[in-house]
Amino acid sequence: MSEYVFRVHKKFVPRLTYRWEGCLELISSDGRVVKVEIPGSIIQWLKRGEEVKLVVTSELKDLFTRDDSFELYRRYGGEWIKVWPVFSKVYELPRHDPLTGRVVYRYRVLAREAITKEDYEAIVELEQYHYASKKEVVAIWRCPKCGSYKESNVPPKCDKCGVEMTLTWIKGSLPASRFLILELLDRQPFEPRVLGYVRIDPPIPLMSRRVVTPDGKVVVERHIREKVFPEDWFVPTFWPEYLLKRLRRRLKQLAAKYGRRLARAMLSDMVRKLAIARCNTAAARIARVVIHPDYRGDGLGVLAVKACIEWVRERRVPEMKREKHLIETIAQMARYNPFFEKAGFKFVWETASGRPVLYYPLTPLGKEYLDRFLASDEYAKKHGGVLYRPKFTAVEKLKGPIVFSNITKVYSNVLDMSKLPKELQDVLKSFGVERRIVQKYVLRDVNLEIYPGEIVVVIGLSGAGKTTLLRMIVGSALKLQDERYQPTSGIVKVPENTKLAALIPGELEPKFGEESLLEHLYGKTKDEVLAVEVLNICGLSDAVFYRAKFSELSTGQKERAKIASLLAERPNLVVIDEFTAHLDSVTAQRIARKIAEVCRRAGITLVVSTNRPEVIKTLNPDKVLYVGYGSVIVKRGEEILRELGLVSEEKRQ
């Protein structure tokens with residue numbers, strides 16, 4: 001490894017594609033000029049004339065491209081801060097059975113800074129899951145041939161030229177924004193390359209907090225941040241609007257000549273560069289965390305935030321200058337999803353507009369200031385730094401077991417061909433079939449007990465009697481007189497405090513109308529936080545799903561919505577036939593793990609039928625009921641997992 005010290009001589013940063021394109025020209029003390037190609041999103045933070053260090057594994061040459069092996073550091077405050085290659089780290093996220101701690105599947109994720117056009121196109125695709133609607137697009141594209149612009153959520157072609165357009169802007173982001181993406185490693189062909197991203201910005205310029213006094217009066221306390229932490233931790237931040245106000249005389253002159261709109265455009269590029277050059281804080285802000293909807297509720301949001309914490313601590317992004325003491329975030333969704341708090345963030349206050357503010361201390365000094373505030377502030381002492389408190393708490397457990405006593409169920413069917421056409425009657429007669437009564441024992445003298453809080457899986461061949469066994473439980477709990485739900489002989493006893501929620505496709509299902517999913521869940525829970533929590537549990541962790549109607553969902557999403565509707569009733573007994581039948585293997589495992597976790601934590605007895613080994617493994621049932629030829633064999637869950645070869649830890653398939 002050879003080290004060379006240069007100074008920044010020139011910067012080449014494309015105006016529209018700067019996030020992934022750029023070139024830095026360096027000059028040594030003896031006049032040697034070297035160029036390095038790195039993204040403009042990094043180059044823009046370097047100043048002309050500042051000292052940088054180039055570390056190479058081979059001999060020094062005139063041009064280093066991204067494919068070359070080299071490192072670049074900037075000198076700030078007597079320290080060398082790494083600029084290139086960008087932050088990149090592989091994380092493993094095992095998903096455990098909450099009962100045994102056994103790994104049921106795992107993710108391998110590469111967290112790294114976005115540096116390619118494809119990275120940012122993936123960010124655009126994910127961004128529309130964050131807040132886009134039919135009336136809103138999240139990106140602006142430009143034709144490289146004719147220069148025309150177009151808004152779109154997917155890479156468009158130019159209407160005039162027919163060529164692929166280039167991404168130029170992601171709405172809502174700042175020129176100062178840096179992006180960390182999560183790439184899924186060892187993925188299946190049908191899985192996305194980028195699972196999510198985190199956007200890092202400088203701190204917002206000003207912050208006030210809203211408090212409610214004991215007498216109910218709302219008071220706004222200005223500049224709250226600077227009363228808790230050192231003021232210079234947050235200034236100078238990226239604040240082009242402030243600089244534009246300072247240039248109002250120049251703006252007025254240009255407006256008189258070119259008009260106000262054109263004058264602002266003429267000044268904006270200069271102001272942006274000036275604002276970035278001035279920005280130098282000891283704090284960073286997580287402005288956005290977006291995880292692909294199909295992978296939410298499985299710990300990836302927490303992983304993304306933890307990776308971002310390491311990124312900020314190590315590289316001091318976005319500016320790459322001062323040591324960072326804090327990361328702040330202002331997130332309304334933190335009321336409904338605790339992934340920031342699970343990553344170690346502490347709730348401090350609400351902004352003047354009522355949005356929650358949370359902080360993560362990166363240094364002992366940052367922790368000292370944060371702890372002092374939480375311990376001394378009269379309002380902070382009440383919440384103790386905690387914002388989210390789970391609403392799906394324990395239910396009243398069944399007061400006793402579900403008991404099958406000598407249950408027999410016989411199905412009879414009359415085969416009568418008298419009404420069939422003669423040619424079809426002749427076919428059946430050739431097989432010796434004319435008129436016959438077929439009687440079949442589906443269940444015969446079944447005796448078993450299901451205890452409060454158990455997770456029970458019913459397995460068996462198609463037509464073996466799995467659904468019939470579940471019907472016996474449902475019929476007893478709901479006191480149904482329908483013959484399908486009554487045994488031929490024997491009795492099923494359920495505890496008197498049974499509160500059942502059941503899903504037997506085509507027979508017993510939640511009823512949805514034209515209301516949104518969120519409205520449907522809120523109608524059952526009467527609590528908006530609990531409604532969102534239940535949707536998240538069932539893998540519908542996206543505002544697009546919250547506001548969707550049941551009829552607008554895919555088949556798999558409808559199944560998840562039905563399960564969410566069951567849980568919203570806060571039952572102590574849940575019965576589901578054909579559990580996760582319409583979900584792919586990966587999604588089925590995620591939903592099974594969450595449902596099992598919630599049921600064990602809340603004390604819910606869960607009885608489901610499924611033949612899917614990966615789902616059985618993930619549920620880790622207390623017992624399994626083998627149904628077939630009228631008999632029911634009861635086995636312990638561990639015994640079944642051994643028989644299926646699912647005991648050992650396995651990597652996620």
Side-chain angles (χ1 to χ4, degrees), residues 77 174 176 198-239 241-242 275 278-289 305-306 308-313 316-319 321-335 337-389:
L174 303 176
V198 185
R199 194 183 103 203
I200 282 287
D201 288 355
I204 63 171
L206 301 171
M207 187 182 294
S208 301
R209 78 161 167 174
R210 183 182 69 175
V211 296
V212 180
T213 62
D215 59 1
K217 184 179 179 181
V218 176
V219 177
V220 174
E221 189 175 354
R222 304 291 179 186
H223 306 294
I224 178 62
R225 236 174 11 191
E226 291 72 22
K227 296 176 182 178
V228 178
F229 306 104
E231 182 178 0
D232 70 346
W233 284 10
F234 305 96
V235 293
T237 191
F238 182 77
W239 197 1
E241 295 81 8
Y242 171 74
R278 292 180 73 251
C279 185
N280 189 10
T281 67
R285 175 167 64 98
I286 294 182
R288 188 84 91 223
V289 180
V305 173
K306 288 182 175 179
C308 187
I309 289 170
E310 286 197 61
W311 182 36
V312 174
R313 180 184 281 126
R316 305 181 181 183
V317 289
E319 310 101 307
K321 296 179 184 176
R322 298 168 62 186
E323 180 183 26
K324 302 293 184 185
H325 294 295
L326 295 169
I327 300 180
E328 72 179 11
T329 190
I330 307 165
Q332 192 68 267
M333 70 164 57
R335 296 188 188 279
N337 195 316
F339 65 87
F340 277 112
E341 291 179 85
K342 286 182 178 180
F345 277 71
K346 297 290 185 181
F347 171 58
V348 286
W349 54 68
E350 292 182 352
T351 63
S353 61
R355 299 170 67 197
V357 179
L358 299 93
Y359 277 101
Y360 184 93
L362 292 167
T363 63
L365 186 59
K367 186 176 187 302
E368 179 183 332
Y369 277 102
L370 181 60
D371 290 347
R372 184 187 305 148
F373 168 76
L374 293 174
S376 60
D377 182 80
E378 62 175 311
Y379 299 103
K381 284 192 290 186
K382 294 179 181 178
H383 59 68
V386 177
L387 174 65
Y388 179 85
R389 300 180 189 278

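Quick caveat: nothing in here was measured; it's all calculated off a predicted structure.
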Is there side-chain contact between [X] and [Y], with heavy atoms separated by less than 4.5 Å?
X      : Y      : result
Phe373 : Lys227 : no
Asp377 : Val348 : no
Tyr369 : Pro230 : yes
Val305 : Val198 : no
Arg278 : Trp239 : no
Leu374 : His383 : yes
Leu365 : Glu323 : no
Lys324 : Arg313 : no

To the closest 0.5 Å, what do you measure between [atom1] ([X]) and [atom2] ([Y])?
X      : Y      : atom1 : atom2 : answer
Trp311 : Ile200 : CH2   : CD1   : 6.0 Å
Arg285 : Asp201 : CZ    : CG    : 4.5 Å
Leu326 : Trp233 : CG    : CH2   : 5.0 Å
Glu310 : Leu362 : CD    : CG    : 11.0 Å

Contact summary for [X] and [Y], nearest pair of heavy atoms:
X      : Y      : answer
Met207 : Ile330 : CE-CD1, 3.8 Å
Phe234 : Ala283 : CE2-CB, 3.9 Å
Ile309 : Ala343 : CD1-O, 4.0 Å
Ala282 : Arg322 : CB-NH2, 3.7 Å
His223 : Leu206 : CE1-CD2, 3.9 Å

Do the ring planes of Trp349 and Tyr359 sit parallel (below 30°), tilted (30 to 60°) or perpendicular (above 60°)?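 Trp349 vs Tyr359 ring planes: perpendicular.
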Ring geometry between Phe340 and Phe345 (parallel below 30°, tilted from 30 to 60°, perpendicular above 60°):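 Taking Phe340 first and then Phe345, their aromatic rings stand perpendicular (interplane angle over 60°).
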Identify, with sequence neighbours excluded, every residue that meets side-chain hydrogen bond (donor to acceptor under 3.5 Å, both in side chains) alongside Arg225.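 Applying side-chain hydrogen bond (donor to acceptor under 3.5 Å, both in side chains) to Arg225 gives Glu328.
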Among residues at least two apart in sequence or on other chains, which ones pass side-chain hydrogen bond (donor to acceptor under 3.5 Å, both in side chains) with Arg355? none
Does [X] reach the main-chain N or O of [Y] with its side chain, forming a donor-acceptor pair under 3.5 Å?
X      : Y      : result
Lys321 : Cys279 : yes
Ser208 : Val220 : no
Thr281 : Thr237 : no

Of the options Gln332, Arg209, Arg335, which is the one that meets Glu350 in a side chain to side chain donor-acceptor pair (under 3.5 Å)? Arg335
Taking 4.0 angstrom as the limit, do Glu368 and Arg372 come out as a salt bridge?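 Counted as a salt bridge, because a side-chain N and a carboxylate O are separated by less than 4.0 Å.
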Indicate yes or no: does Arg389 engage Glu341 in a salt bridge with an N to O separation below 4.0 Å.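 Salt bridge flag = no for Glu341 with Arg389.
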Could you check Pro203, Pro318, Pro202 and say which one makes a side chain to side chain contact (heavy atoms under 4.5 Å, CB included) with Phe238?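 Among Pro203, Pro318, Pro202, the one meeting side chain to side chain contact (heavy atoms under 4.5 Å, CB included) with Phe238 is Pro202.
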